[in-house]
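These figures come from a predicted structure and were not determined experimentally.
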Amino acid sequence: MRLVKIVCGTAMGCAALAVGIAPAAAQEWKPGKTVELVVGSSPGGSPDVMARLVQRIFQNGGLVPSSTVVNKPGAANTIGWAYLNQHAGDGHYIATYSPALIGNRIMGTTQLNYQDFTPLNILAREFVVLAVRGDSPIAALKDLTARLKKDPQAVSFAFATARGNHNHIVMSMYLKSIGVDPKVAKAVIYSGGGEATTAFLGGHIDVYVAAPRSMVPLQKEGRARVLAISAAQRQPGELASLATLREQGIDAEFFTWRGFMGPKGLKPAEIAYWDAVFDKLAQSEEWKKDTESQFWNAEYLLSARTREHLDRENTVMRGILTELGLAKQ
């Protein structure tokens with residue numbers, strides 16, 4: 001916010017000046033063209049799913065005049081986020097983001113950081129699961145642990161979309177807890193959840209580190225077997241049958257968060273517009289049903305509290321990634 005120093009000779013003069021500037025200060029902003037919801041990964045993964053659910057509610061609820069989802073995958077989300085900042089100060093462009101934005105910087109994958117953007121909100125939290133195919137000889141987490149202790153490269157792990165994100169952190173926490181160096185394990189990183197799921201089902205990888213939303217339906221069909229979830233305790237509803245890492249003797253718990261940010265330099269009126277829109281979205285019945293169906297926790301933060309959240313997360317993630325030996329020194 002830019003502060004303006006006002007000098008005047010009398011109280012009445014100041015009052016008159018204040019009346020004169022009030023309309024400009026109170027001026028509202030709204031989109032004058034199609035809003036782009038930028039996703040830094042390929043279609044099919046959680047960021048893309050969230051963007052498309054949000055875009056649908058924008059349209060169905062009349063919250064935003066016109067919007068579209070734009071996928072810009074590659075370079076650990078950096079291509080999409082760099083594209084966002086090509087439109088600095090323009091509220092017509094918003095992008096999905098997650099802890100990967102912080103992790104990428106800590107690990108030296110990119111120079112971009114959350115402070116280079118305008119954080120708008122956190123819309124949901126999501127846990128991480130370790131899963132194998134339904135026909136895998138790995139029947140339980142203890143079987144996976146036994147194999148890895150014997151040979152750290154006996155199985156391959158896969159996740160999307162970037163090193164240092166929530167999936168990578170949970171995988172590394174698990175490996176370190178069983179005495180395996182996370183940097184030694186075989187890991188394949190995909191640009192999107194859809195691509196990773198296809199490779200997983202095709203037998204090209206052994207263990208998939210992913211969101212519950214992508215594995216629970218496959219487990220119901222018998223095509224996947226979830227070995228553990230990264231929650232602190234058993235979750236309600238359809239996740240109740242999933243054993244936590246902690247209850248299986250693994251010192252690991254973690255959840256990701258997902259939301260939207262704008263490019264750097266958004267004006268207060270643009271931020272206020274998006275606060276109002278996302279507050280309506282988060283309280284809508286349609287969004288509540290969507291978050292339940294995706295196994296997301298629907299607690300949300302708007303712009304003012306989001307920056308505080310990111311400051312805390314930056315400290316927490318730096319500690320975790322440093323302890324795991326993944327932070328750039």
Side-chain angles (χ1 to χ4, degrees), residues 41 43-54 56-57 60 96 98-99 122-136 138-144 157-161 165-171 173-174 190 192-201 205-250 252-259 281-300:
S41 59
S46 292
D48 179 72
V49 169
M50 172 170 278
R52 294 181 188 280
L53 292 175
V54 166
R56 189 192 71 219
I57 296 175
N60 292 348
T96 59
S98 68
I122 302 295
L123 288 181
R125 294 185 301 173
E126 183 177 61
F127 293 108
V128 176
V129 298
L130 301 181
V132 295
R133 292 186 309 281
D135 60 356
S136 172
I138 301 172
L141 188 67
K142 63 181 181 180
D143 301 326
L144 177 62
F157 290 83
F159 58 88
T161 57
N165 72 355
H166 51 287
N167 296 320
H168 192 190
I169 287 175
V170 170
M171 182 195 84
M173 284 180 163
Y174 162 66
Y190 290 89
E195 182 184 359
T197 300
T198 299
F200 169 68
L201 293 175
I205 51 179
D206 300 307
V207 182
Y208 188 18
V209 189
R213 55 162 291 275
S214 60
M215 290 295 101
V216 170
L218 292 177
Q219 178 167 265
K220 287 181 179 179
E221 298 170 5
R223 295 197 289 164
R225 183 184 305 120
V226 176
L227 304 180
I229 188 170
S230 66
Q233 60 274 323
R234 293 269 181 143
Q235 295 300 292
E238 291 189 63
L239 301 183
S241 64
L242 306 185
T244 68
L245 286 162
R246 191 167 293 283
E247 72 182 83
Q248 298 181 81
I250 304 301
E253 61 179 76
F254 195 79
F255 65 84
T256 187
W257 38 263
R258 301 189 183 281
L281 176 140
Q283 295 189 55
S284 70
E285 288 303 315
E286 190 172 2
W287 177 249
K288 291 174 183 177
K289 291 179 181 178
D290 286 340
T291 53
E292 183 177 349
S293 69
Q294 299 297 324
F295 307 113
W296 294 336
N297 184 307
E299 294 179 11
Y300 72 100

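The shortest non-hydrogen separation linking Arg225 to Ser136 is NH1-O, 3.3 Å. Scanning all heavy atoms of the two residues, the minimum distance from Ile57 to Glu286 falls at CG1-CD, 3.6 Å. Nearest approach of Trp287 to Val54, heavy atoms of both residues: CZ3-CG2, 3.9 Å. Here the closest heavy-atom approach between residue Gly45 and residue Arg213 is recorded as C-NH1, 3.9 Å. Minimum heavy-atom separation, Arg223 to Leu201: NH1-CD1, 3.7 Å. Closest of all the heavy-atom pairs between Ala210 and Met215 is CB-CG, 4.3 Å.
If you take CG on Leu281 and CG on Asn60, they are separated by 11.0 Å, rounding to the nearest 0.5 Å. Distance CZ/Arg52 to CG/Asp290: 14.0 Å, rounded to 0.5 Å. Between the CD atom of Glu247 and the CD atom of Glu253 there is a distance of 12.0 Å, given to the nearest 0.5 Å. Between the OH atom in Tyr190 and the OG1 atom in Thr197 there is a gap of 10.0 Å [rounded to 0.5 Å].
Here the side chains of Leu242 and Val129 are in contact, with some heavy-atom distance below 4.5 Å. Looking only at side-chain heavy atoms (C-beta outward), Tyr174 and Leu144 come within less than 4.5 Å of each other. A heavy-atom distance below 4.5 Å is found between the side chains of Leu245 and Leu130. Tyr300 is not listed as a side-chain neighbour of Thr291, based on a closest heavy-atom distance of 4.5 Å or more. Taking the side chain as every heavy atom from C-beta outward, Arg258 and His166 approach each other to under 4.5 Å.
Asn167 places no side-chain N or O within 3.5 Å of a backbone atom of Thr161 that could act as its donor or acceptor partner. Of the possible polar contacts, one joining the Gln219 side chain to the Val226 backbone as a donor-acceptor pair under 3.5 Å is found. Judged by distance alone, with hydrogens and angles left aside, the side-chain atoms of Ser230 form a donor-acceptor pair with the main-chain N or O of Phe254 at under 3.5 Å. Looking at Arg234, its side chain does come within 3.5 Å of a backbone N or O of Ala240 through a donor-acceptor pair.
Aromatic ring pairs are classed by plane angle as parallel below 30°, tilted from 30° to 60° and perpendicular above 60°; the pair Phe159 and His168 is parallel.
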As a quick check of understanding, evaluate side chain to side chain contact (heavy atoms under 4.5 Å, CB included) for Phe200 and Arg133, giving each step before the final call. CA-CA 7 Å; Phe200 169 68; Arg133 292 186 309 281; 3.9 Å; yes
Worked check of side chain to side chain contact (heavy atoms under 4.5 Å, CB included) between Trp296 and Leu53: CA-CA 13 Å; Trp296 294 336; Leu53 292 175; 3.9 Å; yes
Let's go through Gln235 and Phe295 carefully: what are the C-alpha distance in whole Å and the side-chain angles of both, what is the deciding distance for side chain to side chain contact (heavy atoms under 4.5 Å, CB included) to 0.1 Å, and is it a yes or a no? CA-CA 10 Å; Gln235 295 300 292; Phe295 307 113; over 6 Å; no
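The residues Lys289 and Glu292 are annotated as not salt-bridged, no charged nitrogen and carboxylate oxygen being separated by less than 4.0 angstrom.
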